[in-house]
Amino acid sequence: MQAVQPSQGKFTIEFPALSAIKPERWLVGIHIILAMIAVVVGGLLGPFQTFRRAPTLTWEIPIFSYYYQALSLHGVLNGLVFTTFFIVGFSYFVTQRSLQRKLASIPLAWVATGMMTVGLLMAGWALLAGEANVLYTFYAPMIAHPLFYLGLTLVVVGSWLAGLNIFLTYIQWKREHVGQAVPLAVYATICNFVMWITCTLGVAVEILFFLLPLSLGWVATTDPQVTRILFWFMGHPLVYFWLIPAYTSWYAMMPKQNGVKIFSDNLGRLAFLMIMLFSIPIGVHHLFADPGVSELAKVMHSLLTFVVAIPSFLTIFNLAATLEQAGKKRGSSGRLGWIAKQQWDNPVMAAQLTGMMIFLVGGITGIMNASFNLNIALHNTSWIPGHFHTTLGGGVFLTYMGILYWLMPILRGRKLFSKEIALAQVYTWFIGIALFGMSMARAGLEGAPRRTDLGAAGVYISPAWGLYLNLAAIGGFILLVSLILLIVNLVGTLWFSKSEPNEPAPIDVAAPSDSLLIFERWGLWLIAIVVLNVVMWGPVLIQGLNFSAGFWSTGFQMR
Ligand code: HAS
Ligand code: CU
């Protein structure tokens, strides 16, 4: 038993066995449960859209035929709610376990949770009532009920408070560990929240000054181009906000689960630092088709997008080297023998390994999107959902499931209900998302549009898309089966499995002695973030705010 005395001297915490930290269980547990409810509801809406878009393999269920409402629920619940709740819960867990202390302020954490939950209820109501059919990319001119925007604001502000709490906990730890590098998982978490708090400033301005006044009727018109610019200031870093926890699992947990060390801890820090620095000043790659953004800005953002892929290339190298070490330890031979020696029969590992494999596909399609002129052919086609279902729906989601399968038993104090069901869930998801993602991408190359209700009467479907849209529906069906397996295991682990307290978590509590401290020069990195964004976004925003064009657009509601 060890007593920890923070330098502020405000409280003393005892750590008999780390799993006895009560706020960890409840606080983290509530985030994970809400995240899972969101992804189950949001996820179930997905397959039915594939059936609606498929020319022959159609399976119509009336409730899912409100295409834009279902698509908005699917995108917001999976892309914004599931992710944010999961990430906040996971980040709290990682920080507390790795730094071996409670969060700096448990009351603040509960306030944040309360705000996020109330926000979720508000936005959820608007979505369910059909008052927010604006998709998860909620820029003007489409307009939703004010409660949708207020709800999202509460979720975001709640997540800021969560970030603040993590920063304060880190500062307390640093005061007691002068000259020591923070463990890699916490370093990644801090980079993630620095990036997240910075980028969501854009969406805060978009909501408070543009969307909310329009939705409340305080102003009659707005400027869609400016709201798109402000949205995408957040929109690209958002995808890295999702990715960093998955990378944290691959870098900081998977080696431990394999009984080896990460090949290079410092290279990992460099990857997280680069993601934090470079993921915001590149968002114009979502606006390549927009007339209101200059060609120069497009080229600059295109080039810098290639820079943000570098940390992922470093990651491929670092992880492959680590997995190779693990394979060799288990007696692999030959150049690729290590692949067969991975723990393919362990759901926690299988989820991460299949996640990495599909993420390779998603990452490469991302680099294709980033090419300024190639993008013109791909943008607004189903290629893009193909890209983000192999990144977010594949690599990230599978890795989160890998985390869930060890984290939930710890939080619940029970064994995982069924390892076999978990394995079946992982592999069906892998096959389903690969088939769905690649078919959507292929249909996109033939010109199949995204965000279009292909099931609506009289909509043209080219014969060239038919096969791929049908294959996407088969992928959707496999994903539906996988979701049902996930629900069974979730419910089983929560209420029906054997109790098993005090499972250890795969988290390091100290950094290797050669971890470099330069990565924690936060003042320097914050200045770099400000300079990069002023240079890369300043001219784009000024051009967007071209008042001579005026705020000319009224809001539209989609039904
Ligand atoms: Fe993206 C659009 C470019 C990564 C998500 N992206 C989207 C949208 C989403 C999204 C949701 O430049 C749609 C937004 C919308 O609704 O309009 N994206 C990129 C690039 C990358 C990238 C260059 N995206 C992601 C990630 C996402 C995500 C990650 C979610 C988590 N994306 C774009 C562009 C657009 C875009 C344009 C706009 C398109 C348009 O026109 O609208 C890169 O950062 C990707 C780098 C990744 C890699 C792969 C690394 C692989 C690793 C696995 C290791 C494997 C090992 C092998 C070790 C280079 C680390 C293991 C082997 C075994 C055998 C086990
Ligand atoms: Cu992007």
Novice: Over all heavy atoms of both residues, which pair between Met195 and Ile275 is shortest? Give the atoms and the distance, please.
Specialist: SD-O, 4.0 Å
Novice: Any pair with a residue in residues 438-476 that passes ring pair (Phe, Tyr, Trp, His ring centres under 6.0 Å), sequence neighbours left out, goes on the list, sorted by first then second residue, please.
Specialist: none
Novice: Run Trp383 and Met368 through side chain to side chain contact (heavy atoms under 4.5 Å, CB included) and show every step you take.
Specialist: CA-CA 11 Å; Trp383 169 274; Met368 293 166 72; 3.5 Å; yes
Novice: Can you say whether the rings of Phe85 and His31 are parallel (under 30°), tilted (30 to 60°) or perpendicular (over 60°)?
Specialist: tilted
Novice: Would you list the pairs meeting salt bridge (charged side-chain N to carboxylate O under 4.0 Å, His left out) in which at least one residue belongs to residues 279-290, sequence neighbours left out?
Specialist: Arg228-Asp290
Novice: Rounded to the nearest 0.5 Å, how far does CE of Met438 lie from CD1 of Ile433?
Specialist: 10.5 Å
Novice: How are the rings of Tyr251 and Tyr247 set relative to one another: parallel (under 30°), tilted (30 to 60°) or perpendicular (over 60°)?
Specialist: perpendicular
Novice: With heavy-atom distances below 4.5 Å as the criterion, would you say the side chains of Leu323 and Ile339 are in contact?
Specialist: no
Novice: Compare every heavy atom of Ile197 with every heavy atom of Thr200, then report the nearest pair and how far apart it is.
Specialist: OG1-O, 3.3 Å
Novice: For a quick test of reading the model, state the closest non-hydrogen atom pair linking Leu435 to Gly475 and the distance between them.
Specialist: CD2-N, 3.6 Å
Novice: Between Ser302 (side chain only) and Ala370 (backbone N and O only), is there a donor and an acceptor less than 3.5 Å apart?
Specialist: yes
Novice: Leu150 and Met122: which non-hydrogen atoms are nearest, and at how many Å?
Specialist: CB-CE, 3.5 Å
Novice: Looking at residues at least two apart in the chain, or sitting in another chain, which of them share a side chain to side chain donor-acceptor pair (under 3.5 Å) with His145?
Specialist: none
Novice: Mind checking ring-ring contact (aromatic ring centres under 6.0 Å, His included) for Tyr400 and listing every partner two or more places apart, or none if nothing turns up?
Specialist: Phe82, Phe86
Novice: Suppose the criterion is side-chain hydrogen bond (donor to acceptor under 3.5 Å, both in side chains): which pairs have a residue in residues 73-90, not counting sequence neighbours?
Specialist: His74-Asn78, Thr83-Trp242
Novice: Nearest 0.5 angstrom please: Leu532 CG to Ile280 CD1, how far?
Specialist: 9.5 Å
Novice: Just wondering, do Thr248 and Met253 contact through their side chains at under 4.5 Å, heavy atoms?
Specialist: yes
Novice: Please report the closest heavy-atom contact between Asp345 and Leu423, naming both atoms and the distance.
Specialist: O-CD1, 3.3 Å
Novice: Check ring-ring contact (aromatic ring centres under 6.0 Å, His included) between His387 and all other residues, then give those that pass, not counting sequence neighbours.
Specialist: none
Novice: Who passes side chain to side chain donor-acceptor pair (under 3.5 Å) against Asn375, sequence neighbours left out?
Specialist: none
Novice: With sequence neighbours left out, what residues match Arg442 under salt bridge (charged side-chain N to carboxylate O under 4.0 Å, His left out)?
Specialist: Glu446
Novice: If you round to the nearest 0.5 Å, how far is CG of Leu479 from CD of Gln425?
Specialist: 10.0 Å
Novice: Hey, are the side chains of Met276 and Ile244 touching, using non-hydrogen atoms and a 4.5 Å cut-off?
Specialist: no
Novice: How long is the gap from CD1 on Ile367 to OG on Ser312, to the nearest 0.5 Å?
Specialist: 7.5 Å
Novice: With sequence neighbours excluded, tell me which residues meet ring-ring contact (aromatic ring centres under 6.0 Å, His included) with Phe317.
Specialist: Phe263
Novice: Donor-acceptor pair, distance only, cut-off 3.5 Å: does the side chain of Gln543 make one with the backbone of Ser294?
Specialist: yes
Novice: For Ser418 and Ile421, indicate whether the former's side chain and the latter's backbone hold a donor-acceptor pair under 3.5 Å.
Specialist: yes
Novice: Here's a test for you: under side-chain contact (heavy atoms from CB on, under 4.5 Å), which of Phe233, Phe138, Tyr149 qualifies with Glu206?
Specialist: Phe138
Novice: When rounded to the nearest 0.5 angstrom, what distance separates OH in Tyr136 from CG in Leu71?
Specialist: 10.0 Å
Novice: Regarding Trp250 and Asn318, is there a side-chain donor-to-acceptor distance under 3.5 Å anywhere?
Specialist: no
Novice: Judged by atom type as modelled, is there a donor-acceptor pair below 3.5 Å linking the side chain of Gln69 to the main-chain atoms of Leu128?
Specialist: yes
Novice: Would you please name every residue forming a side chain to side chain donor-acceptor pair (under 3.5 Å) with Thr227, sequence neighbours left out?
Specialist: none
Novice: Using side-chain heavy atoms (C-beta onward) and a distance below 4.5 Å, is Ile32 in contact with Leu404?
Specialist: yes
Novice: Side chains of Tyr240 and Val308: closer than 4.5 Å at any heavy-atom pair?
Specialist: yes
Novice: Step by step, would you call Val307 with Leu303 a side chain to side chain contact (heavy atoms under 4.5 Å, CB included)?
Specialist: CA-CA 7 Å; Val307 173; Leu303 290 175; over 6 Å; no
Novice: Answer yes or no: is there a side-chain heavy-atom contact under 4.5 Å between Leu392 and Phe397?
Specialist: no
Novice: Any non-hydrogen side-chain atom of Leu454 less than 4.5 Å from a side-chain atom of Arg52?
Specialist: no
Novice: Can you list everything that forms a ring-ring contact (aromatic ring centres under 6.0 Å, His included) with Phe51? Sequence neighbours excluded, please.
Specialist: Phe48, Trp59
Novice: Got a sec: does the CE of Met357 have more than 12 other heavy atoms crowding it under 6.0 Å?
Specialist: yes
Novice: So, do Trp232 and Thr137 sit near enough that their side-chain heavy atoms are less than 4.5 Å apart?
Specialist: yes
Novice: Please work out whether the ring planes of Phe372 and Phe288 are parallel, tilted or perpendicular, with thresholds of 30° and 60°.
Specialist: tilted
Novice: Short question: side chain of Thr452, backbone of Arg450 - any donor-acceptor pair under 3.5 Å?
Specialist: yes
Novice: Between Ile316 and Leu360, is a side chain to side chain contact (heavy atoms under 4.5 Å, CB included) present by the stated rule, with each step listed?
Specialist: CA-CA 9 Å; Ile316 301 177; Leu360 269 177; 3.7 Å; yes
Novice: Who pairs with Thr428 by side chain to side chain donor-acceptor pair (under 3.5 Å), at least two apart in sequence or on another chain?
Specialist: Ser482
Novice: Would Leu77 and Val39 count as a side chain to side chain contact (heavy atoms under 4.5 Å, CB included) here? Give the steps.
Specialist: CA-CA 6 Å; Leu77 287 180; Val39 82; over 6 Å; no
Novice: What is the minimum heavy-atom distance between Pro55 and Asn470, and which atoms define it?
Specialist: CD-OD1, 3.5 Å
Novice: Could you give the distance from NE2 (His301) to CD1 (Ile282), rounded to the nearest 0.5 Å?
Specialist: 9.0 Å
